[in-house]
Q: 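Can you keep this structure in mind? I'll have questions shortly.
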There are 2 protein chains.
Amino acid sequence: MEAATLKDIARELNISVSTVSRALRDSYEINAETKRLVMECAARLHYRPNPIALSLKGSSSKAIAVVVPQIANYYFSQAINGIEEVANRRGYDVLIFQTHETYEREVANLRQAVARRVDGVLISLSSETSDTSHLQELQQHGMPIVQFDRVSGELNTPRVVADNFGGAFAATDHLIKTGRRRIAHLTIQPWLSITQERLAGYRAALEQNGLPYDESLVRFGTFGPDEVGPLVDELMALTPRPDAFFTASDRLALGCLAALRQRRIAIPEEVSLVGFTNLTVADMLSPSLSTVVQPAMEIGQEAVSRLLDLIELKHRAAPPTTITIPTTMVLRESSQLAVGRFEEV
Amino acid sequence: MEAATLKDIARELNISVSTVSRALRDSYEINAETKRLVMECAARLHYRPNPIALSLKGSSSKAIAVVVPQIANYYFSQAINGIEEVANRRGYDVLIFQTHETYEREVANLRQAVARRVDGVLISLSSETSDTSHLQELQQHGMPIVQFDRVSGELNTPRVVADNFGGAFAATDHLIKTGRRRIAHLTIQPWLSITQERLAGYRAALEQNGLPYDESLVRFGTFGPDEVGPLVDELMALTPRPDAFFTASDRLALGCLAALRQRRIAIPEEVSLVGFTNLTVADMLSPSLSTVVQPAMEIGQEAVSRLLDLIELKHRAAPPTTITIPTTMVLRESSQLAVGRFEEV
DNA sequence: TTTATTTGCGCAAACGTTGTCGGGAACGTT
DNA sequence: AACGTTCCCGACAACGTTTGCGCAAATAAA
């Protein structure tokens, strides 16, 4: 039962290794009876082709790499679940790599992926990555690449993203419709595509509702656990002070929630709060958190589908499109009394 | 720059492939000057040994597999971070596999790991797994294995676990010391080692404090999101009704919190609540959640260290020990007014 | 019968690497 | 001068597969 090889089958049946190989691949030049014998023997010995040898041969390795900033993150782990599901269904293995948000690890991970002869790469850029030449080079060497979530415009690949603009627009519009006028926007690193799109959606909703876009209400950064408090103080010191916070991430929303509660600022009476993405505990918080939900699993599924198409059909000719997956707004207590859902295009 | 091989270096320098191989491995039978030339050329061509070819050769693949129930889980992703850190530092790659809590995927994952020629396996059993013959067989074929977190006694390998008994004891003892007498215990699948140990700790603390162990206060199961509510109703209907809940997982604690809040049962006035493990948002909940914290990263680091020792030193002779990593109790609002920390042995 | 064609299968090369063996050159020893 | 060493290095096999080529036997066409 120790890792049967073609050779074992060949020896058992007194035929050559090549015949066994061809029989298993159902080649036309092998006798039906021989095929039957080989199949039967292979089943009996629990034969499984050795993927390592296959990779070495240079053909496909039936494995893809997914490179994400971190897996200790509900959004990414959900995306990976979607990726695995589709990939496994289509006969591929998934190798998971974490960049821990550093450029250095991203490069190292990609090198690893190449070394392990993956057939393609699915990547969500680290927040440190601004230069994408490492990926461009990879692509020029013929590696199929699909970007998702954190994408770069420099890189000419298919992209699968959530509708960040639409989600931010919907959230901001909701806040305005419920009477808010001074809406602060706390967001992440400014050079990320998702940041820009969310900011644009926020801004568009303001302008469409005839409200001014005030730069002093927008803050960028990778706020550590202790940095949100001071930031909230700073914003609340403005005149007129903000009556709503729209944050571009889980962590920021949680930080705000904690900071506001600590400062005894009533949510949503004094300040409304809306987050972005789909923290599992959002509805168990107090107050429960209104959020723009990103369909992480669906994004993963869509991205991996594109990648596998690229690998299998070699559709390099097809223009790299950007696929936008709709987001959903979930209204909870932090932005209003009523609890309900509405879909957003 | 396209994946340089030994052959490329050999051609460039007009020497044989074997000489190049030996020069790079600093063999004593290669002239110093030749070595220098080879090294220089290898650096220039960005040569990296092909791990696939190495694996095929049968030597070590410098990769280990880590098989966990799921990565969309703070505990496991932290453990993986610890594993990756130590493994990378010691020159190994980490292949991550998810069982999604099913036996079937666990078997498939292990097969995959073997096919990819990993040097060893780090595993936390799926909740469906009661029979461990697949792992025993693997082990008999010489695969180094270390279990962590969810371990089986049937399987004779090193084990790295949190001090589940101690943590549960401390939590229960804390509840008793703060005046609680009817402490319900909500826990997971009864056949898991962690379940049994936590239950034992709970029971020991009761008995040591002269309180009876009441089976009707202990509930096992994989409670879905909608099942916790009814369960809480059921427990609260008992007479005398419970004045504290001690749960064996994140999800259960959150579920209880939500269910109790919905039912307007005051925490901690009417019912105290203590969870197990280290949800990031625990201190942002309302009320913030007292928990027994498991040092996930440390458990991962310890486990992978044992595995690499097993791989490298072939210390098969050493008796498989169980390493217990201490847990910590973090007291927050859900179990009392005061907020503080104390260490637990 | 001789000559084509098909059918079924084996040989050998290749993927990148390591390890075993063997051999030539230069040196030192009898 | 013949022999034994030491020092460097190359040829070859092997890991498990796939694949192009060739070869024999059987069948078909002349």
Side-chain angles (χ1 to χ4, degrees), chain A residues 2-39 41-42 45-63 91 111-112 114-119 141-142, chain B residues 1-39 41-42 45-63 111-112 114-119 141-142:
Chain A
E2 184 66 298
T5 72
L6 290 184
K7 201 186 287 185
D8 298 325
I9 302 181
R11 193 179 322 112
E12 182 115 351
L13 264 46
N14 262 319
I15 56 181
S16 83
V17 172
S18 23
T19 302
V20 176
S21 171
R22 273 183 277 247
L24 288 173
R25 327 199 92 246
D26 205 24
S27 161
Y28 67 97
E29 44 183 348
I30 298 295
N31 187 294
E33 173 62 9
T34 310
K35 282 185 191 170
R36 202 189 52 71
L37 281 172
V38 170
M39 301 286 193
C41 185
L45 298 182
H46 297 107
Y47 171 78
R48 303 257 174 262
N50 182 330
I52 303 253
L54 289 179
S55 310
L56 224 212
K57 266 307 272 182
S59 72
S60 81
S61 65
K62 287 288 183 184
R111 195 174 6 247
Q112 260 310 317
V114 171
R116 301 228 167 254
R117 292 282 189 278
V118 297
D119 294 340
H141 286 336
Chain B
M1 211 145 298
E2 183 66 296
T5 72
L6 290 185
K7 200 187 289 183
D8 298 324
I9 302 180
R11 195 180 321 111
E12 182 115 351
L13 265 45
N14 263 318
I15 54 179
S16 83
V17 173
S18 8
T19 302
V20 176
S21 171
R22 271 180 289 243
L24 289 174
R25 325 200 94 247
D26 205 25
S27 160
Y28 68 96
E29 45 184 348
I30 298 294
N31 186 295
E33 172 62 9
T34 310
K35 280 183 192 170
R36 203 188 51 72
L37 280 171
V38 170
M39 299 288 192
C41 185
L45 297 182
H46 297 108
Y47 171 77
R48 304 254 173 266
N50 181 332
I52 304 255
L54 289 179
S55 310
L56 224 212
K57 267 306 275 184
S59 73
S60 82
S61 66
K62 287 288 182 183
R111 191 166 18 237
Q112 260 310 315
V114 171
R116 301 225 166 256
R117 293 282 191 277
V118 296
D119 294 340
H141 286 335

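Chain naming here is simple, since letters A, B, ... match the order of the sequence lines and numbering starts at 1 in each. All heavy atoms count here, side chains included; hydrogens, waters and symmetry mates do not.
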Q: Tell me the interatomic distance from A/Tyr28, atom OH, to D/dG20, atom C1', rounded to whole angstroms.
A: 11 Å
Q: Quick check for you: to the nearest 0.5 Å, what is the distance between A/Leu45 atom CG and A/Leu6 atom CG?
A: 11.0 Å
Q: Got a donor-acceptor contact below 3.5 angstrom from the A/Ser27 side chain to the A/Ile30 backbone?
A: no
Q: When the nearest nucleotide of DNA chain D is assigned to B/Asn14 and to A/Val17 on a heavy-atom basis, which residue is associated with the more 5' position?
A: B/Asn14
Q: With the side chain counted from C-beta on, respond yes when B/Thr5 and B/Asp8 share a heavy-atom pair under 4.5 Å apart, and no when they do not.
A: yes
Q: Tell me the interatomic distance from B/Asn31, atom CG, to D/dT6, atom C1', rounded to whole angstroms.
A: 13 Å
Q: Do any N or O atoms of the protein come closer than 3.5 Å to N or O atoms of nucleotides 12-16 of chain C, and which pairs are they?
A:
unit_1, atom_1, unit_2, atom_2, d
C/dA14, N3, A/Lys57, NZ, 2.7
C/dC15, OP2, B/Lys7, NZ, 3.0
C/dC15, O2, A/Lys57, N, 3.4

Q: Do A/Thr19 and A/Thr34 come within less than 4.5 Å of each other through their side chains, counting heavy atoms only?
A: yes
Q: Write down the distance between CZ (B/Arg36) and P (D/dC8), rounded to a whole number of angstrom.
A: 15 Å
Q: With a 3.5 Å distance limit and no angle check, can you tell me whether B/Ser55 reaches the backbone of B/Arg117 through a side-chain donor-acceptor pair?
A: no
Q: Within the 4.5 Å heavy-atom criterion, are B/Tyr47 and B/Leu24 side-chain neighbours or not?
A: yes
Q: Rounding to a whole Å, what distance do you find between B/Arg116:CZ and D/dT17:C1'?
A: 15 Å
Q: When the distance from CD of B/Glu33 to C1' of D/dC8 is rounded to whole Å, what number comes out?
A: 13 Å
Q: For A/Ile52 and C/dT17, give me the distance from atom CD1 to atom C1', rounded to whole Å.
A: 13 Å
Q: Does a nitrogen or oxygen in the side chain of B/Thr34 sit under 4.0 Å from OP1 or OP2 of D/dC8?
A: no
Q: Rounding to a whole Å, what distance do you find between A/Leu37:CG and C/dC9:P?
A: 10 Å
Q: Using a cut-off of less than 4.0 Å, is there contact between a side-chain N or O of B/Thr19 and OP1 or OP2 of D/dC9?
A: no
Q: Starting at atom CD of A/Glu29, determine the distance to atom P of D/dA24, rounded to an integer number of angstrom.
A: 17 Å
Q: Measure the shortest side-chain to side-chain distance between A/Val38 and A/Ile15 over non-hydrogen atoms and say whether it is less than 4.5 angstrom.
A: yes
